[in-house]
Amino acid sequence: MPAAEEAAPLDFIRTIVNQDVQQGINDGRVHTRFPPEPNGYLHIGHSKAITLDFGIAAEYGGLCNLRFDDTNPTKEEVEYVDSIQEDIRWLGFDWDDRLYYASSYFGRLYECAEQLIQLGKAFVCDLSPDEMREYRGTLTEPGHNSPWRERSIAENLDLFRRMKAGEFPEGNRVLRAKIDMASPNMVMRDPVIYRILYTPHHRTGTEWCIYPMYDFAHCLSDALEGITHSFCTLEFENNRPLYDWFLEALSVPHRPQQIEFARLNLTHVVMSKRLLRRLVEDGTVSGWDDPRMPTLAGMRRLGYTPESIRDFNARIGVAKANSMVDFSLLEYCVRTDLNKIAPRVMGVLRPLKVIIDNYPEDQVEELQAINNPEDPSAGTRAVPFSRELYIEQDDFRIDPPPKYFRLAPGREVRLRYAYFITCNSYETDPATGEVTVLHCTYDPATRGGDSPDGRKVKATLHWVSERHAIGAEVRLFDRLFSVADPTADASQSLSEQLNPSSLEVVQAQVEPSLGDAPVGAHYQLERQGYFTVDRDSRPGQLVLNRTVALRDTWAKIEQKG
RNA sequence: UGAGGGAUCGUCCAAUGGUAGGACACCUGACUCUGGAUCAGGCGAUCGGGGUUCGAAUCCCUGUCCCUCAGCCA
């Protein structure tokens, strides 16, 4: 167990697991589970639970099951069970043959319910939902016993069997645990454990018309699977006594331990499935995998790597205090990973034409460029250079401000891996005043980018050769929301807080080596950022998504004025 | 104001009676054929008030603030 050997401090959960293992609890066995409800796509918040559940199991030589918590057919769909598995695998975790469904325990769960009735610990209640709410009491007042609470065991059994047989309409009756209507913990006030639902289930079809509630199904599923440590988020803290109550009441031989941790909150996104679904349904984004979505599918399409997300989770830690992690930590994690692995290429996002007046008309040179300065084994490639080029519009100013090092009339800069060039003149569009063409001269002695006389330039620009470049649609993504917490201010709607420039599309010119780039490949466009090939790409129709921009010192200087 | 939780740099996480530390962010500087990366440095916190102790983020008392729970959702 590598994590335990290091001096690095353990989080509170690992401290508990570590102790349990050392004390030989559960024979020193560690068995966890990741229990998603298949009612939406997995998001970055789930990745915290996934890395915790699968990660701890791996660290202690244990196992982690994947179990779909599919006890509510009205909200769950197969589309989600497929995407969830794909996303977990993509993240780098594996459950071998331990793919389970709460729904495959429906038979045994039903038996447990009958057993509870036999024990006098459950009863069929005829109260309507509204009545039940009234009987439940409030946070400060105790509830009242249901008038149906003292039915005989035989009657309860008969009624429950008839519920199962489909003799009653939906909402007509429920099975409730008989606990304590005066409990200060609302969860313990005779909670519902089975309800009638005639919606077909995505796995069991119409076999059942009664479905167990979460509290009943979850603890028993954990017990059935021999789970030792059952991690969940803070909002289930109040439910822990009920989790334990069911296991105690049914005298199950194996007692899993529920431990709660704080869920992940991230700035500049929304994380609830409800709000994410709304963004999808109202067309704010193109789908669950829109690159601006914090879903794993969206982040994958944006160009995030599994490594970067695992690293992120390792860095945020695990604790019980509610918190909100800064989005910039996520960005740091992708940049760090992509910096190591992404090949460098040159691409001009907003092309400005440059004519090298003293360069021979028809000459083409193949210049050697380094693929990844962080990884010598990535090798080099040839980039074609010719008389007519594109550089970035941002890299030229007629009147350069202070600290602006790039090209301007009379100024000399380096074209990366190519030549030093000096700008002599420029042409403008008479209508708009916009600069249309730059006329430059190059110094043949600086071929490759080095000056034999030791002359220095303050800037190195990326460029592409006009006649060799290929066009590409580049999607410049940014954070979906302009505020840190879009849910903080109830007077502001979600749409009012969207970042108006979360997506900007430009027609770029990129170097020809990108011609056969496969979907999902990661690149760094030098001086711009990290990009990935979108699945919308077609032969001859490259589409790149900007995963994250490079840190931009000049942008900061400029912003400060 | 019932019950259950929680409060440490701007943010996230450590320190479990013994020098409050790390990461991100931010600011300097060095270096640089990416204003990237890297390197060096800096800024910056124990919710308030009492108490115990040689010594308190940690233990005790007290106050404050925040989160969760009144679904036949999970």
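Chain identifiers are assigned alphabetically (A, B, ...) following the order of the sequence lines, protein sequences preceding nucleic acid strands; residue numbering begins at 1 within each chain. Fair warning: this is a prediction, and the values are worked out from it, not measured in the lab. Hydrogens, waters and symmetry mates are skipped; everything else that's a heavy atom, side chains included, is used.
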> Taking atom C1' in both B/C47 and B/U58, what distance in whole Å separates the two?
15 Å
> Can you find an N or O donor on one side and an acceptor on the other, under 3.5 Å apart, linking the side chain of A/Arg406 with the base of B/G35?
yes
> Reading nucleotides 5-11 of chain B from the 5' end, what letters show protein touch, with B for base, S for backbone sugar-phosphate only, - for no heavy atom under 4.0 Å?
SS----S
> Please check if any side-chain donor atom of A/Tyr523 sits under 3.5 Å from a side-chain acceptor atom of A/Gln528, or the reverse.
no
> Touch check for A/Tyr404, heavy atoms < 4.0 angstrom, all strands: base, sugar-phosphate only, or nothing?
base
> Determine the Euclidean distance between corresponding C1' atoms of B/C26 and B/U16; express it in Å to zero decimal places.
32 Å
> Assess the side chains of A/Asp130 and A/Ser128: does a donor N or O sit below 3.5 Å from an acceptor N or O?
no
> Using Watson-Crick or G-U wobble pairs with both distances under 3.5 Å, give me RNA chain B in dot-bracket, 5' to 3', with [ ] for crossers and | for pairs to another strand.
.((((((..((((....[..)))).(((((.......)))))....(((((..]....))))))))))).....
> A/Asp552 has an atom CG; how far is it from atom C1' of B/A37, in whole Å?
14 Å
> Looking at A/Glu374 and B/G36, is any side-chain donor or acceptor paired with a base atom of the opposite kind under 3.5 Å?
yes
> Could you work out the separation of B/U28 and B/G44 based on their P atoms and round it to a whole Å?
16 Å
> Quick one: which of B/A3, B/A14, B/A23 gets closest to the side chain of A/Arg315?
B/A23
> For A/Leu242 and B/U68, what is the distance between atoms CG and C1' respectively, to the nearest whole Å?
16 Å
> Using the side chain to side chain donor-acceptor pair (under 3.5 Å) criterion, which residues pair with A/Asp126? Sequence neighbours excluded.
A/Arg151, A/Arg173
> Could you pull out every donor-acceptor pair under 3.5 Å between side chains of residues 552-561 of chain A and any protein atom, sequence neighbours left out?
from, atom 1, to, atom 2, distance (Å)
A/Asp552, OD1, A/Trp554, N, 3.2
A/Asp552, OD1, A/Ala555, N, 3.0
A/Glu558, OE2, A/Arg397, NH2, 2.8

> Let me know the distance between CG of A/Asp311 and P of B/C24, rounded to the nearest Å.
10 Å
> Taking A/Arg33 for the side chain and A/Phe231 for the main chain, is one N or O donor matched with an acceptor at less than 3.5 Å?
yes
> Just jot down the side chain to side chain donor-acceptor pair (under 3.5 Å) partners of A/Thr305, sequence neighbours excluded, or say none.
A/Ser308, A/Asp337
> Between A/Asp11 and A/Thr446, name the one whose nearest nucleotide on RNA chain B is closer to the 5' end.
A/Asp11
> Within the structure shown, what part of the strands sits under 4.0 Å from A/Val457 by heavy-atom distance: base, sugar-phosphate, or nothing?
nothing
> Please list, for nucleotides 72-74 of chain B, all pairs of protein and nucleotide N/O atoms separated by less than 3.5 Å.
from, atom 1, to, atom 2, distance (Å)
B/C72, OP1, A/Arg136, NH2, 3.4
B/C72, OP2, A/Arg136, NH1, 3.1
B/C72, N3, A/Gly171, O, 3.4
B/C72, N4, A/Leu127, O, 3.0
B/C72, N4, A/Gly171, O, 2.9
B/C73, OP2, A/Arg195, NE, 3.0
B/C73, OP2, A/Arg195, NH2, 2.8
B/C73, O3', A/Asn72, ND2, 3.4
B/C73, O3', A/Arg195, NH2, 3.1
B/C73, O2', A/Asn72, ND2, 3.2
B/A74, OP1, A/Thr71, OG1, 2.7
B/A74, OP1, A/Arg195, NH1, 3.4
B/A74, OP1, A/Arg195, NH2, 2.9
B/A74, OP2, A/Tyr214, N, 3.0
B/A74, O3', A/Asp69, OD2, 3.4

> Output the rounded distance in Å from CD1 (A/Ile13) to P (B/C13).
12 Å
> Can you check salt bridge (charged side-chain N to carboxylate O under 4.0 Å, His left out) on A/Asp478 and A/Arg546, steps first, answer last?
CA-CA 8 Å; A/Asp478 199 353; A/Arg546 182 174 66 192; 5.3 Å; no
> What pairs with A/Tyr243 under side chain to side chain donor-acceptor pair (under 3.5 Å), at least two apart in sequence or on another chain?
A/Asp222
> Nearest of B/U28, B/A37, B/G35 to any side-chain atom of A/Lys560?
B/U28
> Judged by each residue's nearest nucleotide on RNA chain B, which is more toward the 5′ side, A/Lys556 or A/Ala262?
A/Ala262
> Indicate, with a heavy-atom threshold strictly under 4.0 Å, whether A/Phe405 touches base, sugar-phosphate, or nothing.
base
> Mind checking A/Ile370 for me? I need base, sugar-phosphate or nothing, with any heavy atom below 4.0 Å counting as a touch.
nothing
> For A/Leu329, report the nucleic acid contact type (base, sugar-phosphate, nothing); a contact means any heavy atom under 4.0 Å.
sugar-phosphate
> Would you state whether a donor and an acceptor, one from the side chain of A/Gln524 and one from the base of B/U34, lie under 3.5 Å apart?
yes
> Tell me: CD of A/Glu392 to P of B/U34, nearest whole Å?
17 Å
> Side chains of A/Glu412 and A/Tyr442: donor-acceptor distance under 3.5 Å anywhere?
no
> Please state whether the phosphate of B/A37, meaning OP1 or OP2, lies under 4.0 angstrom from any side-chain nitrogen or oxygen of A/Arg335.
no
> With sequence neighbours left out, what residues match A/Arg381 under side chain to side chain donor-acceptor pair (under 3.5 Å)?
A/Asn371, A/Glu511
> Taking salt bridge (charged side-chain N to carboxylate O under 4.0 Å, His left out) as the cut-off, I'd like each qualifying pair that reaches into residues 312-321 of chain A, sequence neighbours left out, listed once.
A/Glu237-A/Lys320, A/Glu260-A/Lys320, A/Asp311-A/Arg315
> Mind checking whether A/Tyr110 and A/Phe160 have parallel, tilted or perpendicular rings, split at 30° and 60°?
parallel
> For A/Phe531 and B/U34, give me the distance from atom CZ to atom C1', rounded to whole Å.
13 Å
> Would you indicate what A/Ser328 reaches in the nucleic acid, counting non-hydrogen atoms under 4.0 angstrom: base, sugar-phosphate, or nothing?
sugar-phosphate
> Under the salt bridge (charged side-chain N to carboxylate O under 4.0 Å, His left out) definition, can you give me all pairs with a residue in residues 180-191 of chain A, not counting sequence neighbours?
A/Arg149-A/Asp190
> With the threshold set at under 4.0 Å for non-hydrogen atoms, list the residues of residues 179-191 of chain A touching RNA chain B in residue-number order.
A/Pro184, A/Met186
> Tell me the interatomic distance from A/Tyr135, atom OH, to B/G71, atom P, rounded to whole angstroms.
16 Å
> Provide, to the nearest angstrom, the distance between the CG atom belonging to A/Asp337 and the C1' atom belonging to B/G36.
16 Å
> For A/His462 and A/Glu392, does a side-chain donor sit closer than 3.5 Å to a side-chain acceptor?
yes
> Given 3.5 Å as the limit, does a donor-acceptor pair link the side chain of A/Arg176 with the main chain of A/Phe123, or not?
no
> Based on the glycosidic angle (syn within 90° of 0, else anti), state the conformation of B/G10.
anti
> For A/Pro36, give me all partners under side-chain contact (heavy atoms from CB on, under 4.5 Å), at least two apart in sequence or on another chain.
A/Phe34, A/Leu42, A/Leu66, A/Phe68, A/Ile84
> Quantified in whole Å, what is the C1' atom distance between nucleotide B/G2 and nucleotide B/A57?
30 Å
> Base, sugar-phosphate, or nothing: which does A/Pro373 touch, judged by heavy atoms less than 4.0 Å apart?
base
